[in-house]
Amino acid sequence: MLTTAPRGTRDILSPEVEKWQYLEDKIRQHCHRYAYSEIRTPIFEHTELFQRSVGETTDIVQKEMYTFQDRGDRLLTLRPEATASTVRAYLENRLYAQPQPVKLYYIGPMFRYDRPQAGRYRQFYQFGIEVIGSQDPSVDAEVILLAVHLFADLGLRDLEVHLNSIGCPQCRSAYRQELRAYLKGHLGKLCPDCRARYEQNPLRVLDCKKEHCRQVAGQAPELSSYLCQECREHFAAVQEYLESLDVKYQLNPNLVRGLDYYTKTVFEIVSRELGAQAAICGGGRYDGLVEECGGQPTPGIGFALGIERLLLALDKGGIELPGREPLDVFLAALGSKVQAPALKLLYQMRQHKLRADKDYLGRSLKAQMKYADKKEARYVVILGEEELERRMVLIREMATGKQEEVPLEQAVEIILEKMGGVADGK
RNA sequence: GUGAAUGUAGCUCAGCUGGUAGAGCACCAGAUUGUGGCUCUGGGGGUCGCGGGUUCGAGUCCCGUCAUUCACCCCA
């Protein structure tokens with residue numbers, strides 16, 4: 001146990017972590033362009049916050065939260081999602097007093113106690129955005145567009161945008177009554193889970209994958225025909241905007257989402273290649289959430305995108321993200337007498353933004369060359385006692401094997417020249 | 001929480017009906033006493049996931065447990 005990470009967690013290290021960094025950079029670029037600013041909220045919150053916002057009847061709250069008591073007897077929970085935290089921060093920091101809407105994004109770990117499987121972890125990472133303070137349907141379109149734009153930029157094809165509107169509390173409750181009345185006559189055909197849903201949250205029956213339940217759901221009254229005028233107009237406008245942006249989507253009347261705070265627009269972006277964990281991105285509007293958390297009635301919308309799943313989809317799509325970076329220079333320093341000048345030379349190279357490294361084990365030149373080769377060093381600078389006495393070094397270009405002797409003092413300059421003027425300094 | 005499969009060196013795996021572990025790659029060193037990528041030679045490494053049981057003897061059989069994978073539930 002001492003040497004095993006807890007179930008559903010894992011370490012992300014070198015060739016993979018560079019892909020994460022690349023992805024995070026891309027995400028930040030997009031958010032920057034769309035004029036979102038980052039928010040970093042705590043990784044745990046008062047348990048109450050999630051119970052109230054995500055909803056008492058949801059699976060997240062009922063069985064997936066990491067909840068604990070701290071030494072001051074506070075009941076806390078590792079965040080299972082970040083919308084609740086963002087809304088809390090919006091209220092706590094009085095962001096409603098700033099120009100509206102407030103556009104925020106986050107990238108970070110979330111925690112859900114669930115059986116791990118491909119694309120599902122107990123600690124997983126989400127990138128998400130939230131727009132709080134506007135109910136305009138163009139925001140809905142922009143939020144979806146940002147995700148679609150990001151995916152396109154990464155080269156992902158064959159993703160499907162599923163779209164639906166689940167209405168506002170008013171029209172939804174009217175629909176819920178109708179649906180319940182309909183389902184009542186078919187209870188015998190439903191699976192045990194759906195019979196429970198019938199009581200707690202009948203809309204979720206629409207989303208069941210069991211064949212019998214789907215048949216029942218297929219004949220059920222449609223939510224879209226119960227939408228109030230405002231919700232209907234809003235939804236129509238969202239679709240119109242998406243079409244004008246050339247965003248392909250499919251209407252999915254059975255898409256209801258598992259969190260209680262959603263209203264009106266809900267959507268998912270799925271990859272058919274990901275098996276059971278097909279949803280890469282999911283989100284929707286939550287016009288009642290800010291008020292539910294104690295603020296003034298304030299509309300909001302956002303999505304969350306699973307980083308692990310996005311990486312999986314990229315992998316399945318044959319899209320290779322940049323991995324480990326090669327070394328610009330490896331410095332082979334031979335003998336204890338040259339270590340001090342070698343360290344100094346290394347420092348100079350790094351000051352000029354060269355990615356440079358040396359041997360730290362007192363190995364033979366041969367071993368150091370081998371190491372340099374493994375690290376894909378572009379140049380090897382060889383500094384031995386003999387060279388040091390004459391204030392010279394050897395510069396070897398690894399790709400060609402060509403090598404020349406140059407004055408120690410000019411070595412950095414000459415390497416920079418060979419590399420085309422400047423190191424990229426990443 | 002439910003069902004199923006898997007778990008042997010850093011990695012990928014072999015190990016027949018039980019007789020106390022092996023390959024390839026990787027790593028280190030040497031062949032070239034100061035020069036990489038190819039080749040050759042040698043070397044270090046394994047609580048056979050963990051715990052218990054059966055047995056003269058278990059990697060191999062049984063039970064439990066942990067982990068991974070897949071599906072369900074649900075979601076990112």
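All chains are named by letter (A, B, ...) in the order of the sequence lines, taking the proteins before the strands, and each is independently numbered beginning at 1.
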Picking from [options], which would you name as closest to the side chain of [X]?
X      : options                : value
A:A279 : B:rG34, B:rG1, B:rA76  : B:rA76
A:K63  : B:rU35, B:rC73, B:rC70 : B:rC73
A:K374 : B:rG34, B:rC27, B:rA76 : B:rC27
A:S364 : B:rU35, B:rC73, B:rG30 : B:rG30
A:I382 : B:rA76, B:rG34, B:rG1  : B:rG34
A:A118 : B:rG36, B:rC28, B:rU69 : B:rU69
A:L394 : B:rU32, B:rG34, B:rU68 : B:rG34
A:Q117 : B:rA76, B:rG36, B:rC70 : B:rC70

Using atom [atom1] of each nucleotide, how far apart are [N] and [M] to the nearest Å?
N      : M      : atom1 : value
B:rU12 : B:rC70 : P     : 15 Å
B:rA4  : B:rC62 : P     : 15 Å
B:rA9  : B:rG22 : C1'   : 10 Å
B:rA67 : B:rC50 : C1'   : 10 Å
B:rC13 : B:rG7  : P     : 10 Å
B:rG49 : B:rU32 : P     : 43 Å

- Check: A:R378 and A:P326 side chains under 4.5 Å, non-hydrogen atoms: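 With C-beta onward as the side chain, the pair stays apart.
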
- Axial cation check for A:Y113 ring with A:R122, 6.0 Å and 45° limits: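 Checked: cation-pi criterion met.
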
- Query: Would you call A:D114 and A:R120 a salt bridge, taking side-chain N to carboxylate O under 4.0 Å as the test?
  - Reply: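 Salt bridge between A:D114 and A:R120, a charged N being under 4.0 Å from a carboxylate O: yes.
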
- Between A:R285 and A:D140, is there a salt bridge with N-O shorter than 4.0 Å?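 The answer is yes: the pair qualifies as a salt bridge.
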
Can a donor-acceptor pair under 3.5 Å be found between the side-chain atoms of [X] and the base atoms of [N]?
X      : N      : value
A:R120 : B:rA76 : no
A:D373 : B:rG36 : yes
A:R115 : B:rG1  : no

Strictly by Watson-Crick or wobble contacts shorter than 3.5 Å, is anything paired with [N], and which nucleotide is it?
N      : answer
B:rU6  : B:rA67
B:rG1  : B:rC72
B:rU54 : none

- Task: Identify, between A:I280 and A:L334, the residue whose nearest nucleotide on RNA chain B lies closer to the 5' end.
- Result: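 Whichever sits nearer the 5' end wins; that is A:L334.
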
- Along RNA chain B (nearest heavy atom to each residue), the more 5'-positioned of A:L274 and A:C281: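 The 5'-side residue here is A:L274.
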
- Find the distance A:I27:CD1 to B:rA76:P and express it as a whole number of Å.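 These atoms are roughly 16 Å apart.
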
- Answer yes or no as to whether B:rA76 has its base stacked against A:F124, where stacking requires a ring-centre separation under 5.5 angstrom and planes under 30 degrees apart.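 A stacking contact exists, since A:F124 sits close and nearly parallel to the base ring of B:rA76.
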
- Message: By the definition salt bridge (charged side-chain N to carboxylate O under 4.0 Å, His left out), identify the one residue from A:E130, A:E142, A:E38 that meets it with A:K103.
- Response: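 It is A:E142, the one option of A:E130, A:E142, A:E38 that forms the salt bridge (charged side-chain N to carboxylate O under 4.0 Å, His left out) with A:K103.
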
